[in-house]
Protein chains: 2
Amino acid sequence: MKKKFQNIVDIIGGMIESGDLKRGERLPPERTLAQSYKVSRNTVREAIKTLAEKKVLITILGSGNFVAESGVELLRESLNNTLEKKKHRLNDIFELRKILEPQIASLAAQRIRPETLDLLTATLAQQEEALMQDKSTRKLDEQFHRTLAKATGNTILFHVYEKLQDIFSESRAEDFQIPERKQVSLSIHKDILGAIRDGDSIRAARKMKLHMDQIRKIMEKQMPKTINPGRKKTKGA
Amino acid sequence: MKKKFQNIVDIIGGMIESGDLKRGERLPPERTLAQSYKVSRNTVREAIKTLAEKKVLITILGSGNFVAESGVELLRESLNNTLEKKKHRLNDIFELRKILEPQIASLAAQRIRPETLDLLTATLAQQEEALMQDKSTRKLDEQFHRTLAKATGNTILFHVYEKLQDIFSESRAEDFQIPERKQVSLSIHKDILGAIRDGDSIRAARKMKLHMDQIRKIMEKQMPKTINPGRKKTKGA
DNA sequence: TATTGTTATTGGTAGGACCAATTAAAATTT
DNA sequence: AAATTTTAATTGGTCCTACCAATAACAATA
């Protein structure tokens, strides 16, 4: 049974998308909407609340509900929705990680604090132990990268990265955790940590880039059907 | 006047954060909550809806409202909330842009399509015109970078970038749009577009990096009080 | 003309009632 | 006694009416 207010959300959303309601425009009052669509005012309010939560509508007490300036775009481009729908695009995610991760390693090498360094060391030890016992290293792997992102001291970067990790880890089933990858990951993690410990940001970035290429290669082996085949390439990096 | 349901949101949120409500646990029924906090059931439902929209709670008809598995984390780490609270951290944003933008330019140079190239050319023409007439070039500047991000063909990257642009543009008041910056921006935009037109991803990335350094320098001049002073640096990039 | 006061409109909250899905308990059957 | 069916209680979903508070539009006044 579909919830009723969702219908109203779709209707209002459709009107915005089709252009019947333009940016900044005021919606009919809640009572009118309720009467128009033969639902209670509560239902209308729930629908409006849903859209307001997505920042598609803006509610002003005593004045009315308005289409947000960026309402049209947000409707189909809101980060949460879009990212979830695109979560299967592993290639895109890897490409983005390949951009972010080496720089994260670089920044971490410049700014990491001793206690964080100890945490990373401990994490790798756990990872090694898990590898011996043939346990899953997924969470430990995530923790390693997550800690690095935090060690950059850039909270924006950290939270963007966290969001991406969420999506990435959803797409990264346990299937991919073949022994080969585990071994390779642990090995290069040690290299990266070593570089960071030395404060060598260049080497840290280079090792991380290598890491990205490795796991990508392994995943491609696991997943024969290429998702994003042959874009045109010219010169350059 | 603060809205009443927001109080209930804070109360429930607080209970989750403090551990009184653990992951997966069921909330008291709506009627009970309403009575407990001396508000109407409507208000409670609005509060619950707000949290459900953030995926902190999950409502199951006939069963109850439950704390989502990742509810605790989402409560204080949801991208929207966190990023908005940190929007003042211009340094962090610039640092992230400096990571992303050059790579975006690089990818765009590899994959851009002719019609997008035309669009960018037109955008720069508009920007030049606006500069002549001493009008604001902010939106055109945003459009240039936004189009580049889209031209990468990486939808994840595009949407992440868009979200960051939202925050960035909020933090970037009209004050910063001094003539010097406008002129410098336009000039380097031309350089970048030229490199992209040639398909030279390396040059595009280098020019973009230069661009980032330039606008950052200009903004620092405008804003004497440094936000993120002197982190320790060692060797490397 | 400008200011003030009134009124109508709008979203916010309250409290009631009933429906539908779910769960728990009781009755029934095996 | 165990398994199944039936019944009752609980819970979220929707609807309704009423009233409050903020806002905007208008009228009255200086």
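Proteins get letters first, then strands, A, B, ... in listed order; numbering begins at 1 in each.
- Atom CZ of Phe66(B) and atom C1' of dT10(D) are 12 Å apart (whole Å).
- As rounded to whole Å, 15 Å separates atom C1' of dT10(C) from atom CG of Leu57(A).
- For the pair Lys49(A) NZ and dG13(D) P, the computed distance is 15 Å after rounding to whole Å.
- The CG atom of Asn42(B) sits 13 Å away from the C1' atom of dC19(D) (whole-angstrom rounding).
- In summary, Glu101(A) and Arg216(A) do not engage in a salt bridge, as defined by a charged side-chain N under 4.0 Å from a carboxylate O.
- By the 4.0 Å N-to-carboxylate-O rule, Arg45(A) lies close enough to Glu46(B) to be salt-bridged with it.
- Annotation for Ile112(B) and Thr116(B): closest pair CG1-CB, 3.7 Å, computed over non-hydrogen atoms.
- Within a 6.0 Å radius of NZ in Lys150(A), other residues, nucleotides and ligands contribute 12 heavy atoms or fewer.
- In terms of phosphate contacts, Arg41(A) brings no side-chain nitrogen or oxygen within less than 4.0 Å of OP1 or OP2 of dG12(C).
- Between the CD atom of Gln6(B) and the C1' atom of dG11(C) there is a distance of 16 Å, given to the nearest Å.
- The distance from atom NZ of Lys49(B) to atom CG of Asn42(B), rounded to the nearest 0.5 Å, is 13.0 Å.
- Contact detail for Val67(A) and Lys22(A): the closest heavy-atom pair is CB-O, 3.5 Å.
- For Arg45(A) and dG11(C), the shortest distance from a side-chain N or O to OP1 or OP2 is not below 4.0 Å.
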Inset, instruction - Fill in the dot-bracket string of DNA chain C, one character per base: . for unpaired, | for a pair to another strand, ( ) or [ ] for pairs within the strand, taking Watson-Crick or G-U pairs under 3.5 Å. - result: ||||||||||||||||||||||||||||||

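- Both Thr43(A) and Ser63(A) lie close to DNA chain D; mapped to their nearest nucleotides by heavy-atom distance, the more 5′-ward contact belongs to Thr43(A).
- At the phosphate of dC15(D), OP1 or OP2 sits under 4.0 Å from a side-chain N or O atom of Ser40(A).
- Taking atom NZ of Lys3(A) as the reference point, atom P of dT14(D) lies 7 Å away to the nearest angstrom.
- Between the CD1 atom of Ile48(B) and the C1' atom of dG13(D) there is a distance of 12 Å, given to the nearest Å.
- Ionic pairing of Asp141(A) and Lys182(A) is not present here: no N-O contact between side-chain nitrogen and carboxylate oxygen is shorter than 4.0 angstrom.
- For the pair Asn65(B) CG and dT11(D) C1', the interatomic distance rounds to 9 Å; values are reported in whole Å.
- Nearer the 5' end of DNA chain D, as judged by each residue's closest nucleotide, is the contact made by Glu46(A), out of Glu46(A) and Leu61(A).
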Inset, instruction - Please lay out, stage by stage, how Glu129(A) and Met132(A) fare under the test side chain to side chain contact (heavy atoms under 4.5 Å, CB included). - result: CA-CA 5 Å; Glu129(A) 190 178 1; Met132(A) 297 292 189; 5.6 Å; no

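- Phe144(B) meets the ring pair (Phe, Tyr, Trp, His ring centres under 6.0 Å) test with His189(B); sequence neighbours excluded.
- Near DNA chain C, defined here as any heavy-atom distance below 4.0 Å, the residues from residues 29-39 of chain B are Arg31(B), Val39(B), listed numerically.
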